[in-house]
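Because the structure is predicted, anything quoted here is derived from the model rather than measured. One-based numbering along the sequence shown.
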Amino acid sequence: GNPSVPWDYETKEDWPRQFPLFCAGKRQSPINIDRFSVQYSHWVGIYPIYFYNYEVIPEQQIAINNGEQLQVMHNSKVPPSIKGGGLHGTYLLSQYHFHWGSDSSKGSEHTINTVRYPMELHLVHYKAQYGDMMNALRYADGVAVLAVLFEVSSRDNPALAPVLQQVQNIRRGRGTPMTPVNAPYAVASLLPDDTKSFYRYEGSLTSPPCNEVVIWTVFKEPVHVSQNQLELMRTLLDLHDEPIEDNFRNPQPLNNRRVYRSFF
Ligand code: BO1
Ligand code: ZN
C-alpha cells in the first residue's frame, strides 16, 4: 500500500491488489445496509449526535477539485465538531466532499437495501485527542465520517448553492486555484432534519489507502438535490480533462461486522 501510487475509479476493482495493506482488509467501506439485519443499539441511540459550530457560518471555506472529488476545506478558527451518538470523545471536521454518478441511477457509495442514491456527502472528522488527521489514521477509532444520501427532487437544494457556485472556477482538476466559498451558509444546512435516526458501523476510508479507521454514521433520512445541480457536479473535470463521474466505490463484504441503528 504505497500511498504515492496513483489510483482512480476506473480500476477500483483492482484496489485490493494495488493497495493490499488495507484495501484488501475485512472492515472495508462502503457497504450495503440491509434494513432487516441491522440491530437497534441502546448505546448508539440513547444520546443524539451533538453538533458544535455546525450552525456557525465559517468565515471562509475553500472549494477544491482534487481530480476525483469536489472537496471543501473549512478555515474556521473553531472547527465544527461532533460528539455523542455513541461516539467516544470529540471529533473535529477536517473536510467534506461528494460522490456522484454519471446518471442518477447511481452515485452513492452506501446503498440501503441495495438501493443506490444519485449522490452522497461525506463530512470527514478526526478524533480531537489524536491531534491531526494524519495521526488519527493510525487508530481504529481515529476518523468519524457522517454520510448524507441525496435523492432527486424538482427543487434545488439551497444548501448546495454556495459550493456549486464555485464549480465554474475549479472545473479542471489539480492545479486549479482553490476558491473561497464566500456565500453565507452553515454546514448544518447540509444535514437532514432528522439527525437522530442513523445507521452505525465500523469501516474504512472508501478510497486508497482504505485505512480501517472510520466510525461510519449514515443518516436514515435523505436530503434532496435537483437534476440541474447534479448536472453541474458532472461538469467537473479530472486530470485528463474527462468529466468526474462515478467517483464511488461499490459495497464491500460485511464479513464479521454488525450494523446498528439508533432508532426503533
Ligand atoms: S471517505 O470519506 O471514506 N470517502 C475518505 C476517503 C479518503 C480520504 C478521506 C475520506 N483520504 C484522506 C487522506 C489523508 C487526508 C484526509 C483528509 O483524507 O488519505 O491524507 O489527510 O483530507
Ligand atoms: Zn467520501
Side-chain angles (χ1 to χ4, degrees), residues 7-10 12-13 15 23 27-38 66 68-72 95-125 143-157 159-160 163-164 167 187 189-195 197-208 210 214-236 238 243-254 257 259-263:
W7 58 269
D8 62 49
Y9 284 98
E10 308 233 307
K12 62 189 173 188
E13 301 306 331
W15 292 349
C23 297
R27 66 169 265 197
Q28 288 292 291
S29 292
I31 57 165
N32 174 53
I33 296 168
D34 178 48
R35 265 202 194 112
F36 302 104
S37 66
V38 298
N66 66 15
E68 304 288 355
Q69 259 114 26
L70 168 56
Q71 187 171 309
V72 183
Q95 47 103 340
Y96 61 87
H97 62 266
F98 301 85
H99 301 263
W100 63 87
S102 50
D103 67 66
S104 298
S105 69
K106 56 190 172 178
S108 70
E109 299 211 293
H110 290 92
T111 59
I112 313 272
N113 292 330
T114 75
V115 173
R116 297 171 178 276
Y117 291 76
M119 190 161 76
E120 183 168 333
L121 162 66
H122 288 159
L123 296 140
V124 182
H125 306 70
V143 177
V145 182
L146 304 183
V148 180
L149 297 164
F150 287 77
E151 62 188 7
V152 176
S153 155
S154 55
R155 295 166 298 133
D156 285 346
N157 184 333
L160 291 172
V163 172
L164 288 175
V167 162
V187 180
S189 61
L190 291 162
L191 298 170
D193 289 338
D194 176 13
T195 56
S197 303
F198 56 84
Y199 303 101
R200 164 66 48 74
Y201 77 99
E202 296 183 358
S204 72
L205 300 180
T206 63
S207 58
C210 311
V214 181
I215 313 295
W216 277 95
T217 299
V218 180
F219 291 113
K220 177 181 175 236
E221 184 190 328
V223 300
H224 72 274
V225 59
S226 69
Q227 284 290 4
N228 278 342
Q229 290 182 311
L230 287 165
E231 295 295 342
L232 207 46
M233 285 288 191
R234 296 174 190 135
T235 66
L236 284 164
D238 68 14
I244 300 176
E245 47 189 26
D246 298 330
N247 57 357
F248 61 88
R249 190 185 198 188
N250 288 317
Q252 301 296 303
L254 191 57
R257 287 180 288 177
V259 183
Y260 298 97
R261 57 182 156 82
S262 66
F263 56 95

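Look at D194 and K220 and you find no salt bridge, because none of the NZ, NE, NH1 or NH2 atoms lies under 4.0 Å from a carboxylate O.
Exactly one of D34, V38, V218 qualifies for a side chain to side chain contact (heavy atoms under 4.5 Å, CB included) with V259. That residue is V38.
D238 contributes atom CG, which lies 10.0 Å from atom CG of N247 (distance to the nearest 0.5 angstrom). Annotation: the span from Q252 atom CD to S204 atom OG amounts to 7.5 Å, rounded to 0.5 Å. Taking CD1 from I33 and CD1 from I31, the interatomic distance works out to 5.0 Å, rounded to the nearest 0.5 Å. The structure places SG of C23 at 5.5 Å from CD of Q28, a figure rounded to the nearest 0.5 Å.
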* Trace of the side chain to side chain contact (heavy atoms under 4.5 Å, CB included) decision for E13 with N250 -> CA-CA 9 Å; E13 301 306 331; N250 288 317; 3.1 Å; yes

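More than 12 heavy atoms of other residues, nucleotides or ligands sit less than 6.0 Å from atom CD of E231. R35 CZ: 12 or fewer foreign heavy atoms inside a 6.0 Å radius.
Partners of H99 by ring-ring contact (aromatic ring centres under 6.0 Å, His included), not counting sequence neighbours, listed by chain and number: H97, H122. With sequence neighbours left out, the ring-ring contact (aromatic ring centres under 6.0 Å, His included) criterion links Y9 to W7, W15. With sequence neighbours excluded, no residue satisfies side-chain hydrogen bond (donor to acceptor under 3.5 Å, both in side chains) with S153.
Inter-residue side-chain proximity for E120 and P30 is flagged as unmet; no heavy-atom pair is nearer than 4.5 Å. Side chains of V152 and L230 form a contact here, defined as non-hydrogen atoms less than 4.5 Å apart. Two residues are said to be in side-chain contact when any heavy atoms from C-beta on lie closer than 4.5 Å; M233 and F98 meet this criterion. Between Q69 and I244 there is no side-chain heavy-atom pair separated by less than 4.5 Å. In this structure, the side chains of M119 and L160 come closer than 4.5 Å at one or more pairs of heavy atoms.
Side chains of T111 and N32: a donor on one and an acceptor on the other come within 3.5 Å. Checking Q227 against S104 by side-chain atom types alone, a donor-acceptor pair falls below 3.5 Å. Between the side chains of S226 and N228, no donor N or O sits under 3.5 Å from an acceptor N or O.
One N or O on the side chain of D8 and one on the backbone of E10 form a donor-acceptor pair closer than 3.5 Å.
The aromatic ring centres of F263 and Y199 sit less than 6.0 Å apart.
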